[in-house]
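Note sheet for the following structure.
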Amino acid sequence: MLLGIALVGSTIGAIPATPPVSHPPVMAGPADLFEDVSHRAGLVFHHQFCHQRIANILLSNGSGGAILDYDQDGWMDAYLVNWGPLKGVTSPQDGSQREPNRLFRNRGNGTFEDVTHKAGVTGAGYSSAATAGDYDNDGHTDLYVVNIGRNQLFRNRGDGTFEEVTDRAGVGDMGTGIGAAFLDADRDGRLDLFVANYLTFDPSTVSEQNPGAYPGPLAYPGEANHLYRNRGDGTFEDVTRAAGLYAPGHRAMSVSVFDCDWDGDVDIYVSNDDTPNALWLNDGKGHFRDAAIDLGVAFNSIGEAPGSMNASIGDCNGDGLPDLFITRLGYGSLYLRNPKGFYEDRMWASGLGRLTQNYVGWGGVFIDMDNDGDLDIFSANGDAFTIEGTLSLLLKNDGQARFTDAVSEGGAFFRQKINGRGSAVLDFDNDGRQDLLVTVLANRAFLIRNRSRTGHHWLKLALEGSRSNRDGYGALVTITAQGRAWKSEALCPSGFLMQGDKRLHFGLGDCREVDRIDILWPSGKTQNLRDVEADRILKIREP
C-alpha cells in the first residue's frame, strides 16, 4: 500500500500525455454580467493532467485550491494546487516533472503576481485541495494542502513566506485526500482540522458491469476521514474515534462545516460518493453523531445515494435557516431546513431539477450575483469520463428558493464548454460584487469578474476573533435593514476541492444603510453595531 493506493499492477494504457492546450481568453460582450479576466489579471494556472484520457476514477476528480489573504493587506490572494505524475494513476509513459502549486498575490490593482517560490509553497506530490485558517492565532493565515498521500501544513511566518511544519504538527494524513476544513470543534478558541479522504484505489480493479470502462467508487474500499484536535502548542492529535467520527466505509468527496442548528457549535456535513451523505451533529464538546438520515439530508429526493460532490451552505429562501445545495453525478438536492430542524429536498419544486438534469455538477456555490439580497447559484459542470467540456450554469433566485436560468445574462463565459471542477466565490477587486474562480480538469483556471450594473448596495464583514478563534469561524451574524433581516455564519467556506473568500458578504438591494448588526461569537460574547453605512468592507474585532 502506497499513498492510499494499492499498487498491485496496472491496466492503464501506455499512452503519452498530450501537451497542454489552454482555453483561449473568452471575450465578454458589452452587456455580459461576468467576464473572463484570467489573462489580463495574470492569474494563469494550468492543471497538470499527465494522461491523454480519464482512465480511472482518480483522474476524474481534478484539483482546486483556496482563497486567502496571506499577507493581510485586505486583498484576496489565490492558491491553486497541482497534480503531476503518480505511479499507477497517471500515464506510465508520461515523463513530465511535477509542476508546482501556485500562490498568486493580489496586487490590489486588478492583477496578480506569482509568488510561489518566494513564499515557499510549491508543494509536493499529487495535490487535490487546500484549506486556509490561522491555526496558531498569530494573525497570519496558514495553509493546509490535501494530497493523495502525505498532506502538508504550511505555517505563515508573517513576512511573506511559509514554513512546512507537517511533521511537527502531526497532520501528515496519508490517505487519498480530497478535501479539508478548519473548524473549532470544541469551542476552545483554537482551530481544529477535519480531513476528508476518498477511497483506496487499486489500478488492477476492473469493471464487471461495464467492461472497458473504469470501475465506480463502490469497487474500492472507502477510507476514514480524520479530525485533528488543536492542542494549542503548534501540534494536533487525531481524535477521530474519540469524537465519534470514525466511518471507514464512507467515500468523501468534500466537507462543509457549519452550525446546522445554530446552537453555537459547529457541525460537519460530508458529501460522499455512492454512499449516503453524513451530517455529524456536535454536542458542543466536540463529540458527534451522524443525523443525516434522521434530518433528511443523506439521500436525494427519490431515496438514492448517487455520487455527491459538494454542499454549499446558505439561507436561500430568506427564513433565517441554513439550507444546502448539493451537486451530484445524477440529480442534486436543495435541502431547505424547516423550523422543526428537518430538511426537505426541494430540488424539483425549486426548478433546479429541470435546470441541472442534463449536467454533472461538481463545484456548486451560492452567490449573490446582483446584490439583491437573494442567494443565486453557480455550478461548475464537467464530464466524469472524457476530457471534453460542457457548459457551466448560472441560476437566479427569486428570493423564495425558486430558480431560473440566467446563463444569457451571465454572458460569453457560459457559452464556453469547459470540464469544470472546483469553484470559489471571492471579491478579488473589493468592489462589492462577487466574482468566481473556477478550476478545470486538464486545462486552465478561469477568474471570472462580476460586472453587475444594478446599483444595488452591499456590505462585507471581515471578522477577527480575540477570545474566539482568530478567523471568527463559527460566529453567527444577523443584520437588519429597512425591516428585512439576513442571517449568516462566518465559516471556513470549503467545498469540492476549493475554499472561497471567508469574508461575510450581504447584498442589500436598495438599502443604503444597515440599521443593526448583531454578532454572536463562538466564545458566547455578543456584539451589536448600529447605523452602519453600506457599500464598504467593515473589519470587526471581537470585544
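It should be emphasised that the depicted structure is a prediction, and the values quoted were computed from it without experimental measurement.
Ion pair Glu35/Arg40 flagged as a salt bridge, since at least one NZ, NE, NH1 or NH2 atom sits closer than 4.0 Å to an Asp/Glu carboxylate oxygen. Ion pairing of Asp36 with Arg444 is present here, as a side-chain N (NZ or NE/NH1/NH2) and a carboxylate O approach within less than 4.0 Å. A salt bridge links Arg168 with Glu163; the closest basic N to acidic carboxylate O contact falls under 4.0 Å. Salt bridge annotation for Arg150-Asp167: present, with a cationic side-chain nitrogen under 4.0 angstrom from a carboxylate oxygen.
Shortest non-hydrogen contact noted between Val407 and Phe414 is CG1-CB, 3.5 Å. Of all the heavy atoms in Gly364 and Ser423, the pair that sits closest is N-OG, 4.0 Å. The two atoms that bring Ala66 and Ala130 nearest to each other are CB-O, 3.9 Å, heavy atoms only. Residues Asp290 and Trp280 approach most closely at N-CE3, 3.5 Å, considering heavy atoms. Closest heavy-atom contact between Thr356 and Leu352: OG1-O, 2.7 Å. The minimum heavy-atom distance between Ser254 and Asn310, with the atom names listed, is OG-CA, 3.4 Å.
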Report task. Tell me, with the steps shown, if Tyr331 and Trp348 meet ring pair (Phe, Tyr, Trp, His ring centres under 6.0 Å). Result -> CA-CA 10 Å; Tyr331 296 123; Trp348 290 96; 5.2 Å; yes
Query raised in the report: Passes ring pair (Phe, Tyr, Trp, His ring centres under 6.0 Å), Phe34 versus Phe413? Steps please.
Result: CA-CA 7 Å; Phe34 289 93; Phe413 168 75; 8.2 Å; no
Query raised in the report: Taking it one step at a time, do Tyr473 and Asp184 satisfy side chain to side chain donor-acceptor pair (under 3.5 Å)?
Result: CA-CA 7 Å; Tyr473 289 159; Asp184 185 357; over 6 Å; no
Query raised in the report: Can Tyr79 and Tyr70 be said to form a ring pair (Phe, Tyr, Trp, His ring centres under 6.0 Å), step by step?
Result: CA-CA 10 Å; Tyr79 184 70; Tyr70 86 97; 9.6 Å; no
Query raised in the report: Under the side chain to side chain donor-acceptor pair (under 3.5 Å) criterion, do Asn56 and Arg53 qualify, and how do the steps go?
Result: CA-CA 9 Å; Asn56 58 66; Arg53 60 190 177 91; over 6 Å; no
Query raised in the report: Going through the distances and angles, do Leu334 and Cys316 end up as a side chain to side chain contact (heavy atoms under 4.5 Å, CB included)?
Result: CA-CA 10 Å; Leu334 180 67; Cys316 68; 4.0 Å; yes
Requested in this report: Report the C-alpha separation of Ser379 and Met309 in whole Å, then their side-chain angles, then the decisive distance to 0.1 Å, and conclude whether the side chain to side chain contact (heavy atoms under 4.5 Å, CB included) test is met.
Outcome: CA-CA 11 Å; Ser379 180; Met309 313 300 190; over 6 Å; no
Query raised in the report: Under the side chain to side chain donor-acceptor pair (under 3.5 Å) criterion, do Thr166 and Glu164 qualify, and how do the steps go?
Result: CA-CA 6 Å; Thr166 311; Glu164 191 191 339; 2.8 Å; yes
**Report entry** Step-by-step side chain to side chain contact (heavy atoms under 4.5 Å, CB included) determination, Leu437 to Ile448
**Finding:** CA-CA 6 Å; Leu437 180 60; Ile448 310 298; over 6 Å; no
Requested in this report: Decide yes or no on side chain to side chain donor-acceptor pair (under 3.5 Å) for Tyr228 and Asp173, but give the supporting numbers first.
Outcome: CA-CA 10 Å; Tyr228 295 94; Asp173 196 292; 2.8 Å; yes
Query raised in the report: For Thr122 and Asn101, what are the C-alpha separation, side-chain angles and deciding distance, and is it a side chain to side chain contact (heavy atoms under 4.5 Å, CB included)?
Result: CA-CA 5 Å; Thr122 56; Asn101 304 337; over 6 Å; no
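Remark: Thr90 OG1 to Gln52 CD distance equals 13.5 Å, nearest 0.5 Å. One distance of note links NZ of Lys417 with CG of Asn381; it measures 12.0 Å at 0.5 Å rounding. A distance of 10.0 Å separates CG in Asp267 from CG in Leu183, rounded to the nearest 0.5 Å. The structure places CZ of Arg449 at 13.0 Å from OG of Ser38, a figure rounded to the nearest 0.5 Å. Within the model, atoms CG of Leu329 and CE of Met253 stand 8.5 Å from one another, a figure rounded to the nearest 0.5 Å. Summarising the geometry, atom CG belonging to Leu58 is positioned 6.0 Å from atom CG belonging to Leu199; distances are rounded to the nearest 0.5 Å.
Remark: the Ser308 side chain and the Asn277 side chain contain an N/O donor-acceptor pair separated by less than 3.5 Å. Between the side chains of Arg251 and Thr275, at least one donor N or O lies within less than 3.5 Å of an accepting N or O.
In this structure, the side chain of Ser494 engages the main chain of Val255 through a donor-acceptor pair within 3.5 Å. Without hydrogens or angle criteria, Gln499 side chain to Cys492 main chain gives no donor-acceptor distance under 3.5 Å. No side-chain donor-acceptor contact under 3.5 Å links Asp32 to the backbone of Ala28. Within the 3.5 Å criterion, the main-chain N or O of Asp368 finds a donor-acceptor partner in the side chain of Gln434. Tyr220 places no side-chain N or O within donor-acceptor distance of the main-chain N or O of Ile57, the cut-off being under 3.5 Å. Within the 3.5 Å criterion, the main-chain N or O of Leu227 finds a donor-acceptor partner in the side chain of Thr240. Using modelled atom types, one side-chain atom of Asp376 and one backbone atom of Met369 make a donor-acceptor pair closer than 3.5 Å. In this structure a side-chain-to-backbone donor-acceptor pair under 3.5 Å is present from Thr439 to Ser63. Of the possible donor and acceptor atoms, none in the side chain of Asn151 sits under 3.5 Å from a partner among the backbone N and O of Gly172. In terms of modelled atom types and a separation under 3.5 Å, the side chain of Asp192 and the main chain of Asn230 share a donor-acceptor contact.
Relative ring orientation between Phe112 and Phe104 is described as perpendicular, the plane-to-plane angle rising above 60° on a 0-90° scale split at 30° and 60°. Ring geometry, His47 versus Trp83: the interplanar angle exceeds 60°, so the pair is classed perpendicular (tilted spans 30 to 60°). Between Tyr135 and Phe236, the angle of the ring planes lies from 30° to 60°, which puts this pair in the tilted group. Ring geometry for His23 against Phe446 counts as tilted: the plane angle lies between 30° and 60°, on a 0 to 90° scale.
Side-chain contact between Thr386 and Ile54: absent, with no pair of heavy atoms (C-beta onward) separated by less than 4.5 Å. In this structure, the side chains of Phe325 and Tyr335 stay at 4.5 Å or more apart for every pair of heavy atoms. Within the 4.5 Å cutoff, the side chain of Phe366 has no heavy atoms near those of the Val425 side chain. At least one side-chain heavy atom of Arg328 sits less than 4.5 Å from a side-chain heavy atom of Ser333. In this structure, the side chains of Leu191 and Asp471 come closer than 4.5 Å at one or more pairs of heavy atoms. Ser312 has its side chain out of reach of Thr327: every pair of non-hydrogen atoms, C-beta onward, lies at least 4.5 Å apart. Between Ser60 and Phe385, the closest side-chain pair of non-hydrogen atoms is not below 4.5 Å. In this structure, Asp501 and Asp435 have side chains that are not in contact, with every pair of non-hydrogen atoms separated by 4.5 Å or more.
Remark: Arg102 is not positioned above the aromatic ring of Phe45, lacking an NZ or CZ atom under 6.0 angstrom from the ring centre and at most 45 degrees off the axis.
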